[in-house]
2 protein chains.
Amino acid sequence: MTGIKEVADEVGLSQATVSRALRGQRGVSERNRERIEEAAARLGYVASRTAVGLATGRTHLVAAVVPHVTRWYFGTVIHGAEQVLRKHGYDLLLFNLAGSAEARDRVLGTHAATKRADALLLAGLQPSDAERSWRDRHGTPAVLVGAVAEGWPSVTIDDEHVAVVAMQHLIDLGHQRIAYVGGEQANTLEFSTPGARHRGFLGSMDRAEHKVPPEYDHDGDFTLASGLEAGRALLRLPTPPTAIMCASDEMAIGVLRAARELHLAVPGDVSVIGVDDHELSEHVDLTTVRQPVEELGRLAATQLLQQLGELPGSPPLPSHVRLETELVVRGTTGPPPPLH
Amino acid sequence: MTGIKEVADEVGLSQATVSRALRGQRGVSERNRERIEEAAARLGYVASRTAVGLATGRTHLVAAVVPHVTRWYFGTVIHGAEQVLRKHGYDLLLFNLAGSAEARDRVLGTHAATKRADALLLAGLQPSDAERSWRDRHGTPAVLVGAVAEGWPSVTIDDEHVAVVAMQHLIDLGHQRIAYVGGEQANTLEFSTPGARHRGFLGSMDRAEHKVPPEYDHDGDFTLASGLEAGRALLRLPTPPTAIMCASDEMAIGVLRAARELHLAVPGDVSVIGVDDHELSEHVDLTTVRQPVEELGRLAATQLLQQLGELPGSPPLPSHVRLETELVVRGTTGPPPPLH
DNA sequence: TTGAAAGCGGTACCAG
DNA sequence: CTGGTACCGCTTTCAA
């Protein structure tokens with residue numbers, strides 16, 4: 001491994017000068033700068049990130065913590081974040097909780113993430129008490145994606161509003177017996193989204209003066225499989241709903257499959273709406289409320305870079321960014337079946 | 001940030017002793033070890049990874065390079081790898097090429113990954129000349145997932161065999177006019193899988209003495225959208241195939257959608273088979289050849305840990321691990337339609 | 001069993 | 001504009 005010393009010896013200058021030259025700092029004669037750059041390139045010198053980290057106190061690492069990399073939403077957030085981070089010389093440390101609360105403690109409790117990275121990106125997670133107090137003490141830059149918390153910058157959509165928009169669409173079509181497939185209790189990692197969407201559902205039903213029998217309020221865990229299960233249960237009810245709103249497209253696709261299984265027409269017998277605009281939703285012709293997931297990731301990364309002082313020129317992002325969503329009407333919603 | 005010095009002062013011992021005690025090394029009196037551990041816990045001391053890295057030369061970081069995090073296959077590989085790495089104290093640095101060859105040069109060419117990590121996990125990528133020579137010089141532990149290369153440990157399936165198995169299934173059902181949706185040229189990042197599967201397809205057709213008209217040999221990029229497009233083209237042919245084999249489930253699902261669009265019955269008019277056993281495949285009842293993707297990731301991580309000397313007890317993994325695949329017959333394949 | 005001190009590979013301050 | 005040198009925070013000889 002060629003070190004800075006070799007380069008210095010090669011050009012007959014000090015390490016200090018080489019260091020300055022290579023980082024583009026002022027105070028190096030043009031002639032020497034060129035010689036240094038040439039020598040560094042020729043010798044294949046690349047500064048050791050570890051040594052730089054120790055000397056400067058910055059690792060140029062951002063820790064991204066997600067509940068599940070394999071879920072489309074989180075994969076896409078990461079994809080978006082990584083794009084902008086890399087552009088500014090930051091690498092992405094991935095912490096995949098994979099649904100285990102224990103993993104979360106290990107990652108955030110022992111500071112596996114926080115000790116090593118310059119900043120923290122939490123996606124789909126509500127910071128725990130331990131995490132917020134840690135951050136208060138150390139002032140590590142952090143950002144939340146898809147969650148809000150007092151004092152933490154965040155990039156989100158309005159989850160309650162999303163549900164209201166979806167519900168309004170169904171209500172406008174004339175539906176009254178609307179069921180909900182959410183994911184409130186199922187998630188051990190605290191997650192604010194399900195609660196907000198659920199509130200949106202209940203509020204809308206309430207304002208429309210429609211009753212919500214308990215069996216119309218179903219739990220899921222945001223996976224297709226859980227949607228399938230919920231769909232089966234709901235559609236086999238003596239009085240099944242005429243419309244089902246799901247807190248995610250993956251669950252909605254599961255419900256669609258349940259309907260198909262039971263030979264029910266969509267939207268003839270039952271309408272289905274989701275949230276996300278998953279890459280697959282277009283293909284199953286699912287009506288949904290689109291959220292700009294990749295952009296969420298990009299903005300979160302931008303937030304972080306700003307806190308890290310890496311974006312001197314750019315206008316500061318507000319600490320809470322809330323992105324617009326959009327109702328995408330496709331083929332799975334329609335008027336309720338005529339009464340009989 | 002409490003450092004080792006604070007802990008040492010606290011217990012009135014030297015940093016050396018504290019360091020030894022905390023890493024469980026022998027040569028520290030039991031009494032002092034306990035006092036040190038207590039003090040460290042009380043002070044909330046966690047060693048700086050950066051400093052440890054500089055002193056030991058090991059970062060405890062593994063760089064995982066993938067073409068696309070958002071693709072199910074790669075997300076799952078990462079998920080599997082991360083699980084075992086974390087268990088052994090390694091963190092995962094994610095490099096998402098996002099389909100850009102330029103990103104690849106930046107990541108691997110400038111050693112963004114290699115300089116910073118102890119080991120390299122390349123998924124779905126064939127090492128370039130520059131990469132192999134770099135590795136030859138520096139001896140960085142590395143492993144390939146879903147690709148093979150002279151001198152590189154790898155964890156794979158037999159991609160050619162996978163295609164042969166899929167084809168045999170179709171041929172056994174009586175199909176003769178079989179088309180292929182692959183992804184050979186489309187991928188700028190060199191990728192060995194498409195080639196192998198394509199060879200399997202051609203070889204099977206050849207052995208069965210079935211002709212492959214050029215228009216039956218279609219390109220895709222492993223996405224659903226490309227499958228849809230390929231499906232439309234193939235099924236609109238004057239003499240359409242009676243079966244279509246796709247190099248991935250995502251493309252197969254696209255083909256299924258094309259069939260639905262054109263009001264063709266599956267498998268009545270056309271049979272479709274994929275490769276992967278994507279999490280969705282069960283739900284669309286797709287016949288496919290399953291590969292154990294998560295296990296691929298886990299084994300790759302194990303390979304790496306072994307090279308890193310972190311698995312002293314365990315029997316060494318062979319340098320090329322090839323996992324079994326399995327034909328999963330579901331509802332999208334059947335006998336060809338009767339001739340007319 | 002313990003401690004002093006020399007690195008690890010850079011950065012940054014202070015003189016010159 | 002350039003060089004000497006004191007760190008950064010921990011590990012690791014080498015002596016005691």
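Heavy atoms only: backbone and side chains are in, while hydrogens, waters and symmetry mates are out. Sequence lines set the chain letters: A, B, ... in the order given, protein chains first and strands last, and positions in each chain run from 1.
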> Looking at residues at least two apart in the chain, or sitting in another chain, which of them share a side-chain hydrogen bond (donor to acceptor under 3.5 Å, both in side chains) with A:Ser154?
Replying inline: A:His320
> Can you check the B:Arg35 CZ to C:dT1 P distance for me, whole Å?
Replying inline: 16 Å
>> To check you understand the geometry: which heavy-atom pair defines the closest contact between B:Ala142 and B:Arg135, and what is its length?
In response: CB-NE, 3.6 Å
> Which heavy-atom pair separates A:Leu121 from A:Ala300 by the least distance, and what is that distance?
Replying inline: CD1-CB, 4.0 Å
> How bent is the helix from C:dT1-D:dA16 to C:dG16-D:dC1, comparing axes over its five end pairs at each side, to the nearest 10°?
Replying inline: 40°
> Excluding sequence neighbours, so at least two apart, what forms ring-ring contact (aromatic ring centres under 6.0 Å, His included) with A:Tyr90?
Replying inline: A:His60
>> So, using ring-ring contact (aromatic ring centres under 6.0 Å, His included) as the criterion, who are the partners of B:His79 when residues are at least two apart?
In response: none
>> Please enumerate all residues that pass side-chain hydrogen bond (donor to acceptor under 3.5 Å, both in side chains) together with A:Arg35, with sequence neighbours excluded.
In response: A:Asn32
>> For a quick check, with a 4.0 angstrom heavy-atom cut-off, what is the B/S/- contact string for nucleotides 7-16 of chain C, read 5' to 3'?
In response: BBBBSBB---
> Could you give the CD1-to-P distance, from B:Ile36 to D:dT11, as a whole number of Å?
Replying inline: 12 Å
> Within the distance-only criterion (no hydrogens, no angle test), does the side chain of A:Glu82 pair as donor or acceptor with the backbone N or O of B:Asn96 below 3.5 angstrom?
Replying inline: yes
>> Quick check: do B:Leu22 and B:Glu37 have side-chain heavy atoms less than 4.5 Å from each other?
In response: yes
> Could you give the CZ-to-C1' distance, from B:Arg49 to D:dT11, as a whole number of Å?
Replying inline: 15 Å
